[in-house]
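Taking it in order: structure first as structure tokens, then the write-up.
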Amino acid sequence: GTSVAGVFTRNRFRAAPVQVCEAHLAAGGPITALVINTGNANAGTGHEGLKKAQDTCIALGQLLNVPAQQILPFSTGVILEPLPLDRLVAGLPVALKNLGIDQWFNAAHGIMTTDTLPKIVSSQVQIGGKTVTFTGISKGAGMIRPNMATMLGFLGTDAGIAQPLLRKLAGEIANMSFNRITVDGDTSTNDSFIIAATGKSGIEIQSEPDEHYAAVRQALASAAADLA
């Protein structure tokens with residue numbers, strides 16, 4: 001199955017979606033889907049915001065026939081405004097209909113806010129006689145304007161990485177790439193970096209001594225550096 005790990009903002013005022021993501025990842029079950037909205041950060045929105053982040057997961061979970069806990073929500077945009085949940089939920093069936101391996105560019109475009117260009121990276125590396133793919137998208141560059149926020153990065157690979165190792169790796173890679181950038185010293189309320197590893201390439205890594213670990217780590221770090 002797919003392993004998913006995340007690194008989130010160090011800001012004490014963590015936005016509702018960040019709190020829900022952390023709870024769902026901490027539960028330790030499988031993660032089936034990520035849902036990302038732009039235009040509204042759902043930050044500083046209190047109990048109501050938390051409920052809307054959870055309701056987003058419930059709505060997508062129902063469409064995919066999985067528990068809400070298998071969904072990770074991400075929001076970016078204006079802070080301190082209520083999340084327009086009805087509009088978000090109305091967009092979910094269309095998003096699902098358009099799912100496909102050739103949709104990375106559209107996804108990169110879809111999560112832009114103040115970005116001038118979509119950020120996307122993809123590379124294929126020969127590891128252990130197999131072709132392993134590393135693809136990711138990101139948006140944002142920290143809090144550049146007072147009312148906009150958020151650095152979001154999503155990186156996927158078809159290497160298989162055991163969950164505990166992936167958690168450690170996500171932290172290391174964030175420190176090597178995203179956590180080295182500062183625009184004005186702020187950490188946004190919504191900053192999130194996610195790595196998903198599907199194992200579909202046939203390469204499986206259980207621990208750091210594994211022979212292919214160094215090559216996979218290097219490729220992930222390189223992709224994250226390009227996204228940052």
Side-chain angles (χ1 to χ4, degrees), residues 4-64 66-96 107-108 110-115 137-155 167 170-171 174 178-179 183-196 227:
V4 179
V7 178
F8 299 94
T9 181
R10 295 171 184 175
N11 192 313
R12 283 183 311 167
F13 298 97
R14 291 169 10 271
V18 167
Q19 294 179 51
V20 173
C21 276
E22 288 180 323
H24 288 186
L25 284 169
I31 299 298
T32 301
L34 315 180
V35 55
I36 309 159
N37 75 272
T38 184
N40 183 299
N42 195 10
T45 45
H47 178 74
E48 184 66 20
L50 208 51
K51 185 176 183 308
K52 285 184 172 179
Q54 288 160 341
D55 286 348
T56 301
C57 297
I58 291 167
L60 184 53
Q62 285 171 345
L63 290 172
L64 291 172
V66 299
Q69 216 168 36
Q70 292 188 22
I71 311 294
L72 298 183
F74 304 87
S75 296
T76 172
V78 180
I79 61 174
L80 301 174
E81 285 187 10
L83 185 73
L85 184 67
D86 50 346
R87 284 171 54 200
L88 200 163
V89 170
L92 292 176
V94 185
L96 287 177
I111 64 171
M112 287 167 59
T113 48
T114 52
D115 309 74
I137 60 175
S138 68
K139 69 133 306 245
M143 290 180 96
I144 297 171
R145 298 218 310 256
N147 66 337
M148 295 298 268
T150 312
M151 176 80 212
L152 297 181
F154 306 96
L155 189 49
R167 268 199 298 274
F178 293 98
N179 288 348
V183 175
D184 55 10
D186 285 339
T187 52
S188 155
T189 50
N190 296 56
D191 288 346
S192 306
F193 171 54
I194 296 289
I195 303 180
L227 287 177

Do you know the tightest heavy-atom contact between [X] and [Y]?
X    : Y    : value
G6   : L25  : N-CD1, 4.0 Å
A170 : I195 : CA-CD1, 3.9 Å
L64  : A33  : CD1-CB, 3.7 Å
T113 : G39  : CG2-N, 4.3 Å

Cut-off 3.5 Å, no hydrogens considered: what does the side-chain donor-acceptor table look like for residues 52-60, sequence neighbours left out?
{"unit_1": "K52", "atom_1": "NZ", "unit_2": "L83", "atom_2": "O", "d": "2.9"}
{"unit_1": "D55", "atom_1": "OD2", "unit_2": "K51", "atom_2": "NZ", "d": "2.8"}
{"unit_1": "T56", "atom_1": "OG1", "unit_2": "K52", "atom_2": "O", "d": "2.8"}

Nearest-0.5 Å distance that lies between atom [atom1] in [X] and atom [atom2] in [Y]:
X    : Y    : atom1 : atom2 : result
T76  : I111 : OG1   : CD1   : 8.0 Å
S138 : L155 : OG    : CG    : 9.5 Å
N190 : L152 : CG    : CG    : 7.0 Å

Residue pairs fulfilling salt bridge (charged side-chain N to carboxylate O under 4.0 Å, His left out) with at least one residue in residues 17-37, sequence neighbours excluded: R14-E22
Give me each pair satisfying salt bridge (charged side-chain N to carboxylate O under 4.0 Å, His left out) with a member in residues 84-94, each pair once, sequence neighbours excluded. none
Taking the side chain as every heavy atom from C-beta outward, state whether V18 and T189 have any atom pair closer than 4.5 Å. no
May I ask you to test the F13-I79 pair for a side-chain heavy-atom distance under 4.5 Å? no
Show me the pairs that pass side chain to side chain donor-acceptor pair (under 3.5 Å) and involve residues 30-42, at least two apart or across chains. T32-Q70, N37-S75, N42-T45
Can you list everything that forms a side chain to side chain contact (heavy atoms under 4.5 Å, CB included) with A196? Sequence neighbours excluded, please. T2, V4
Kindly write out the residues that satisfy side chain to side chain contact (heavy atoms under 4.5 Å, CB included) with Q69, not counting sequence neighbours, or none if the list is empty. H24, A27
What class does the angle between the rings of F154 and F74 fall in, given that below 30° is parallel, 30 to 60° is tilted and above 60° is perpendicular? perpendicular
